[in-house]
Amino acid sequence: MVKHFGWTWIGAVCSDSDYGNNGMASFLKAAEQEGICVEYSEAYYRTQPHSKLKRVADVIRKSSARVIVAFVAAGDMRFLLEELSQQPPSPIQWIGSEAWVTDPQMLRFNLCVGAVGVGIPRSVIPGFRNFLLDLSPEQALKFPLLTEFWESSFSCSLKRQTGSSTGMPACDGTEDLQALQNPYTDTSQLRVTKMVYKATYAIAHALHGIICKEKQCDKNIKVEPRQVLDQLKRVNFTKNNYSVSFDINGDPVATYELVNWQVQGDGSVDFVTVGQYDASKPKGQEFSLSKSIIWYDGSEKV
């Protein structure tokens, strides 16, 4: 992407973790080969001292590079953007990795308006929203996570006997999930969720390949992990218009949406898909734009 837009002087920041360090190492190696100069490369992890975070923010503020590649996990990026918001730097063109650039909770940071990044393709999972809304108080009580979600969403206590200690009234059964508007009920941005969905189906297909021969299936067979792995390599199926298969390294085809943070008519910021990256396309054609990118200054000029 940096090469495509002709940027040759950039800053780089990553999470100080396997995700960030490995991603950034790959990027820096490719940048060097393409003749892209990197003014600085900084790493930060959210449990590190605040002084480290402040130092990274100061490097960004003092730098002359206006384009920053951020290969950062959402939790680390939130800390960094909160720190930068205290004393905003000159406008920056952010280039983001998928972990933060498609996270709806990041949209409150106006200093990232115009950001462009790669996102796991957004998709629809038929029946998923209805499944989520079909949760009853009795079911929620069986899982601590769902209990916490229910109680914080409706400000009432499911554990009637502990109602007094939490200071919340007891839930009375009139709570309506349909009326909620929060990340739980929002199924418009199913990205990583879709990966989990496809992975689960891939395992199911692998198991089917082990225990079924044509129409005959023997569910009493003892299945070894190695067999599942061998079958996974051969998996090739399509589910809801998405095909799933793996290459010789066990990787699926790399396909990403290009996402741009754009200001909407009502002044809110939202993700707009402006193109895609598809590793299965011929060399030089993997990267394609389908819509204009609106940059940080509100123009369409790079």
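No hydrogens, no waters, no symmetry mates; every other heavy atom, side chains included, goes into these values.
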* Asked: Which is it for Glu257 and Thr102 under the side chain to side chain contact (heavy atoms under 4.5 Å, CB included) test, yes or no, and what are the steps along the way?
  -> CA-CA 10 Å; Glu257 281 181 5; Thr102 53; over 6 Å; no

Which heavy-atom pair separates [X] from [Y] by the least distance, and what is that distance?
| X | Y | answer |
| --- | --- | --- |
| Ala73 | Ala99 | CA-CB, 3.9 Å |
| Arg66 | Ser90 | NH2-O, 3.5 Å |
| Ser157 | Lys159 | OG-O, 3.1 Å |

Hey, is the main chain of [Y] close enough, under 3.5 Å, to the side chain of [X] for a donor-acceptor pair?
| X | Y | result |
| --- | --- | --- |
| Gln227 | Glu224 | yes |
| Gln48 | Tyr45 | yes |
| Asn260 | Ile294 | yes |
| Glu175 | Gly173 | yes |
| Glu148 | Leu145 | no |
| Glu300 | Ser292 | no |

Side-chain contact test, heavy atoms from C-beta onward, threshold under 4.5 Å: evaluate it for [X] versus [Y] and give yes or no.
| X | Y | result |
| --- | --- | --- |
| Ser245 | Val235 | no |
| Val2 | Ile10 | yes |
| Asp103 | Met77 | no |
| Phe271 | Gln262 | no |
| Ile293 | Val274 | yes |
| Leu80 | Val13 | yes |
| Ile95 | Met1 | yes |
| Thr185 | Thr187 | no |

* To do: Could you walk me through whether Arg234 and Phe246 pass the side chain to side chain contact (heavy atoms under 4.5 Å, CB included) test, one step at a time?
  => CA-CA 7 Å; Arg234 298 183 207 136; Phe246 304 99; over 6 Å; no

Tell me which donor-acceptor pairs under 3.5 Å the side chains of residues 104-125 have, and how far apart each pair is, sequence neighbours excluded?
residue	atom	partner	partner atom	Å
Arg108	NH2	Glu82	OE2	3.2
Ser123	OG	Leu190	O	3.2

Above 12 or not: heavy atoms from other molecules or residues under 6.0 Å from [atom1] of [X]?
| X | atom1 | answer |
| --- | --- | --- |
| Phe27 | CZ | yes |
| Lys3 | NZ | no |
| Gln264 | CD | yes |
| Lys213 | NZ | yes |
| Phe131 | CZ | no |
| Glu32 | CD | no |

* Asked: Looking just at side-chain N and O atoms, do Asp278 and Thr255 make a donor-acceptor pair shorter than 3.5 Å?
  -> no

* Asked: Going by atom types alone, do Asp186 and Gln181 pair a side-chain donor with an acceptor below 3.5 Å?
  -> no

* To do: Kindly determine whether Phe154 and Leu180 satisfy side chain to side chain contact (heavy atoms under 4.5 Å, CB included), including the steps that lead there.
  => CA-CA 9 Å; Phe154 298 114; Leu180 281 183; 3.8 Å; yes

* **Cluster check Val69, Trp9: I/L/V/M/F/W/Y, side chain < 4.5 angstrom** => no

* Met24-Val101 co-clustered via ILVMFWY side chain contacts under 4.5 Å -> no

* To do: Could you tell me if the ring centre of Phe5 sits under 6.0 Å from that of Trp295?
  => yes

Can [X] and [Y] be counted as an ion pair, charged N to O under 4.0 angstrom?
| X | Y | answer |
| --- | --- | --- |
| Lys54 | Asp58 | yes |
| Lys281 | Glu286 | no |
| Arg55 | Glu42 | yes |

* Chi angles and distances behind the side chain to side chain contact (heavy atoms under 4.5 Å, CB included) call for Ile68, Gln93 -> CA-CA 6 Å; Ile68 299 184; Gln93 181 57 54; over 6 Å; no

* ring pair (Phe, Tyr, Trp, His ring centres under 6.0 Å), paired with Phe71, selected from Tyr19, Trp100, Trp94, Tyr44 -> Tyr19

* Gap between atom OG1 of Thr47 and atom CZ of Phe79 - 0.5 Å precision -> 9.0 Å

Distance-only donor-acceptor hits, side chain of residues 196-210, under 3.5 Å, sequence neighbours excluded:
residue	atom	partner	partner atom	Å
Tyr197	OH	Asn240	ND2	3.2
Thr200	OG1	Val196	O	2.7
Tyr201	OH	Lys239	NZ	3.4

